[in-house]
Amino acid sequence: MNILLLNPNIRTDITDLMLQVGRAAAAPGTSLIPCTAPRGVPYIATRAEAQIGGAVALEMLAERNGSFDAAIIAAFGDPGLFAARELFDVPVIGLAEAAMLTACMAGRRFAIVTFAQALGPWYEECVRMHGLMERCAGIHMLDGSFKQISDVQHEKEELLVELALRAVEENEADVLIFAGAPLSGLAARVAHRIPVPVVDQVIAAVKQAEALLALKMRKATAGTFRRPAAKPTTGLSEALAARLEHRDG
């Protein structure tokens, strides 16, 4: 099975990090196909950036449509997830949704730990979007700057572990999620220091994609995630316009 690992941010080094983590966990026969946004921001932290990243993600999916069996939108916050799930015929998995649903199977409530204050409001809205606020014990964010986004998990490792321990002690979190693509792989390195299960967002997404493909569920032709009726467009990328206008076969 071919799974598209779609990073809606512009950092290829972050894509490479997620690819390394995902490949180590993928089942035999699973191929991860990496792709990085051609334009946008280094990492998504605001509502505006999420809208931009989601639109770019739809273009990237349309351009590669037919070359993959499932796709992962590899940014915690899941920009463009529901739109992609509506528009395309294959399973589309969000990094955040996969991590949170996996966490829900390991405990009653999960906590999210991340590396920047700016991410908090967007992540909270993501939790609400997925209907999981009652299962969320809190969102914990570091306060302060970092040197390089690609190295933030190493630079801030001790502070991130401290936040995780506080979430367990003060919020009674049963499961921890280190959130944000730059933190991919951190869970495996520090899990032995945290007294509850820790979910890696990329591994959860890869395994959820494999599970959905194994279930062989059809694309909806009714309900809210059926493909929208054809509509004329102007000024969109050719691949996305063809998808919206039903000219892509």
Find the distance between [atom1] ([X]) and [atom2] ([Y]) and round it off to the nearest 0.5 Å.
| X | Y | atom1 | atom2 | result |
| --- | --- | --- | --- | --- |
| Asp13 | Thr15 | CG | OG1 | 7.5 Å |
| Leu61 | Phe68 | CG | CZ | 5.0 Å |
| Lys219 | Arg227 | NZ | CZ | 8.5 Å |
| Leu119 | Ile44 | CG | CD1 | 10.0 Å |
| Phe76 | Leu183 | CZ | CG | 10.0 Å |
| Gln201 | Thr102 | CD | OG1 | 11.5 Å |

Could you tell me whether a side-chain N or O of [X] sits under 3.5 Å from a main-chain N or O of [Y], the two making a donor and an acceptor?
| X | Y | value |
| --- | --- | --- |
| Arg64 | Met60 | yes |
| Thr114 | Ala179 | yes |
| Arg11 | Pro42 | no |
| Gln153 | Ser184 | yes |
| Asp78 | Glu97 | yes |
| Asp200 | Gly185 | yes |
| Glu49 | Ala45 | yes |
| Arg47 | Pro121 | no |

- Side-chain donor-acceptor contact under 3.5 Å, Ser237 with Glu63: no
Answer yes if [X] and [Y] sit in the same cluster of Ile, Leu, Val, Met, Phe, Trp and Tyr residues linked by side chain heavy atoms under 4.5 Å apart, and no otherwise.
| X | Y | answer |
| --- | --- | --- |
| Ile73 | Phe225 | yes |
| Leu87 | Met217 | no |
| Phe82 | Leu6 | no |
| Leu19 | Leu186 | no |
| Val175 | Val190 | yes |

Restricting to non-hydrogen atoms, name the atom on [X] and the atom on [Y] that form the minimum distance, rounded to 0.1 Å.
| X | Y | result |
| --- | --- | --- |
| Val198 | Ala191 | CG2-CA, 4.3 Å |
| Ala62 | Phe88 | N-CZ, 3.6 Å |
| Ala75 | Asn9 | CB-ND2, 4.4 Å |
| Leu95 | Ala74 | CD2-C, 3.8 Å |
| Ala96 | Cys126 | CB-SG, 3.6 Å |
| Ala37 | Val56 | CB-CG1, 3.8 Å |

Would a 4.5 Å heavy-atom cut-off, applied to side chains only, mark [X] and [Y] as touching?
| X | Y | answer |
| --- | --- | --- |
| Asp174 | Val196 | no |
| Glu59 | Leu240 | yes |
| His154 | Gln148 | no |
| Ile93 | Val206 | no |
| Asn7 | Pro34 | no |

- In sequence, state the C-alpha distance, the side-chain angles, and the governing distance for Ile3 and Leu5, and then conclude on side chain to side chain contact (heavy atoms under 4.5 Å, CB included). CA-CA 6 Å; Ile3 300 175; Leu5 183 67; 5.9 Å; no
- Would Tyr123 and His140 count as a close aromatic pair, with their ring centres under 6.0 Å? no
- Message: Tell me if the centroids of the rings in Phe115 and Phe178 come within less than 6.0 Å of each other.
- Response: no
- Could you tell me whether Gln117 atom CD has more than 12 heavy atoms of other residues or ligands within 6.0 Å of it? yes
- Around Glu245, counting heavy atoms of other residues, nucleotides and ligands shown, do more than 12 lie under 6.0 Å from its CD? yes
Can you tell whether the side chains of [X] and [Y] come within less than 4.0 Å, N to carboxylate O?
| X | Y | value |
| --- | --- | --- |
| Arg243 | Asp89 | yes |
| Glu125 | Arg128 | no |
| Lys156 | Glu162 | no |

- Can you list the steps and then say if Asp69 with Asn2 is a side chain to side chain contact (heavy atoms under 4.5 Å, CB included)? CA-CA 5 Å; Asp69 304 301; Asn2 295 317; 3.7 Å; yes
- Item | Test side chain to side chain contact (heavy atoms under 4.5 Å, CB included) applied to Glu210 and Met1, step by step | CA-CA 8 Å; Glu210 290 176 340; Met1 59 182 72; 3.8 Å; yes
- Query: Is there a side chain to side chain contact (heavy atoms under 4.5 Å, CB included) between Leu4 and Cys35 once you walk through the steps?
  - Reply: CA-CA 7 Å; Leu4 189 69; Cys35 61; 3.8 Å; yes
